[in-house]
Amino acid sequence: MKALITTNLMKFTLATLLLTLLFRFGLSTSITKHLIIAVVFSAVIYAILMWFNGRYFGWKEYEYLPIYDIGFRFHLATFLSHNLISILWFVFGLQSHYEDISVIFITAGIWFVFLFIHLIYYLSIRKSTIKDLDKKDLFE
């Protein structure tokens, strides 16, 4: 079976790490300077760029191995990348004086619930996702 951690997933994760670093920088700077419009702008631009990131590498992944995995691996990579960067942002003291790490943990907790639901759904449909695929697409 082809690997679960693919080149496209790794490229997606690296792009996610970079985008999250840029987002955290823009967010913390905007909060420090009390620029509410810039806070909203940072979040909206981050969301749009992450959508394009997922769309691009998700399509590349589908071309590589057309299994309907509902993007769980990409969701997990995004969850881990975003929360790792956000926590490290606080560990290294890069946050604004007006930011509180509890917001990161609350966001991660809520996100984890949705990730867990996604995992349950992924596990429930994974056996039916390889139907109608040629064996050469599944095994190297």
Side-chain angles (χ1 to χ4, degrees):
M1 183 107 170
K2 291 190 177 182
L4 291 175
I5 300 175
T6 62
T7 303
N8 289 314
L9 181 60
M10 293 302 296
K11 289 177 182 177
F12 169 81
T13 304
L14 289 174
T16 299
L17 289 168
L18 176 64
L19 289 172
T20 303
L21 279 170
L22 293 171
F23 167 68
R24 290 295 320 166
F25 177 76
L27 183 68
S28 292
T29 303
S30 302
I31 290 172
T32 298
K33 296 182 179 185
H34 301 286
L35 301 171
I36 302 304
I37 298 295
V39 169
V40 173
F41 183 75
S42 294
V44 169
I45 294 299
Y46 178 64
I48 291 169
L49 291 175
M50 284 298 295
W51 185 85
F52 279 112
N53 183 31
R55 181 85 172 150
Y56 177 76
F57 288 110
W59 182 256
K60 289 284 198 186
E61 185 72 3
Y62 178 77
E63 288 176 344
Y64 171 70
L65 184 62
I67 291 179
Y68 178 66
D69 76 346
I70 64 167
F72 177 74
R73 293 174 299 127
F74 285 78
H75 189 178
L76 178 61
T78 304
F79 175 81
L80 294 173
S81 299
H82 179 86
N83 290 307
L84 175 70
I85 293 295
S86 295
I87 290 169
L88 289 176
W89 197 259
F90 278 83
V91 167
F92 291 119
L94 301 171
Q95 78 279 6
S96 168
H97 296 293
Y98 304 106
E99 290 181 276
D100 187 4
I101 196 163
S102 65
V103 174
I104 302 299
F105 293 129
I106 291 168
T107 302
I110 294 168
W111 192 348
F112 181 77
V113 170
F114 287 103
L115 184 68
F116 187 71
I117 292 168
H118 197 167
L119 173 64
I120 292 169
Y121 181 65
Y122 169 71
L123 292 174
S124 71
I125 67 160
R126 72 179 170 170
K127 289 184 181 181
S128 65
T129 61
I130 61 172
K131 290 181 181 175
D132 302 323
L133 287 178
D134 191 3
K135 286 182 184 179
K136 69 181 179 201
D137 289 333
L138 295 174
F139 300 99
E140 294 180 309

Q) So if you build clusters from Ile, Leu, Val, Met, Phe, Trp, Tyr with side-chain heavy-atom gaps below 4.5 Å, do L115 and L80 land together? A) yes
Q.
Could you see if Y98 belongs to whatever hydrophobic cluster contains I101? Use Ile, Leu, Val, Met, Phe, Trp, Tyr and a side-chain cutoff under 4.5 Å.
A. no
Q.
Would a single hydrophobic cluster contain both L27 and I45, if residues Ile, Leu, Val, Met, Phe, Trp and Tyr are joined by side-chain heavy-atom contacts under 4.5 Å?
A. yes
(Q) Please find the pair of heavy atoms, one from F23 and one from A43, that lie closest to each other, and give the distance. (A) CE1-CA, 3.7 Å
Q.
Set out, in order, the CA-CA distance, both residues' side-chain angles and the distance that settles side-chain hydrogen bond (donor to acceptor under 3.5 Å, both in side chains) for N8 and T6, then state yes or no.
A. CA-CA 5 Å; N8 289 314; T6 62; 5.1 Å; no
Q | Rounded distance [0.5 Å steps], CZ in R73 versus CG in L9 | A | 5.5 Å
Q) When rounded to the nearest 0.5 angstrom, what is the spacing between NE2 in H97 and CD1 in I31? A) 12.5 Å
Q.
Quick check on ring-ring contact (aromatic ring centres under 6.0 Å, His included): which of F74, F114, W111, F72 does F79 satisfy it with?
A. W111
Q.
To the closest 0.5 Å, what do you measure between CG (L35) and OG (S42)?
A. 9.5 Å
Q: Find the distance between OG1 (T13) and CG (L18) and round it off to the nearest 0.5 Å.
A: 12.5 Å
Q: State, to 0.1 Å, how close A15 and F57 come at their nearest heavy-atom pair, and which atoms those are.
A: CB-CE1, 4.3 Å
Q.
Whether K11 and E61 form a salt bridge (side-chain N of Lys/Arg under 4.0 Å from carboxylate O of Asp/Glu) is what I want to check.
A. no
Q | Reported CG-to-CD1 distance for the pair L21 and I85, which is rounded to 0.5 angstrom | A | 4.0 Å
**Q.** Linked, directly or transitively: L17 and M50 (ILVMFWY side chains, under 4.5 Å)
**A.** no
Q) Honestly curious: do F105 and V103 fall in one hydrophobic cluster under the side-chain, below-4.5 Å linking rule? A) no
Q) Taking the side chain as C-beta and beyond, is there a heavy-atom pair between Y46 and H82 under 4.5 Å? A) yes
**Q.** Point-to-point distance, once rounded to the nearest 0.5 Å, from CD of Q95 to OG of S86
**A.** 11.5 Å
Q: Indicate the ring-plane relationship of F25 and W89, choosing parallel, tilted or perpendicular according to the 30° and 60° boundaries.
A: perpendicular
Q: Evaluate side-chain contact (heavy atoms from CB on, under 4.5 Å) for Y121 paired with I117, printing each intermediate quantity in order.
A: CA-CA 6 Å; Y121 181 65; I117 292 168; 5.6 Å; no
Q: Please lay out, stage by stage, how S81 and T16 fare under the test side-chain hydrogen bond (donor to acceptor under 3.5 Å, both in side chains).
A: CA-CA 7 Å; S81 299; T16 299; 5.4 Å; no
**Q.** Minimum side-chain heavy-atom gap R24-L94 below 4.5 Å
**A.** no
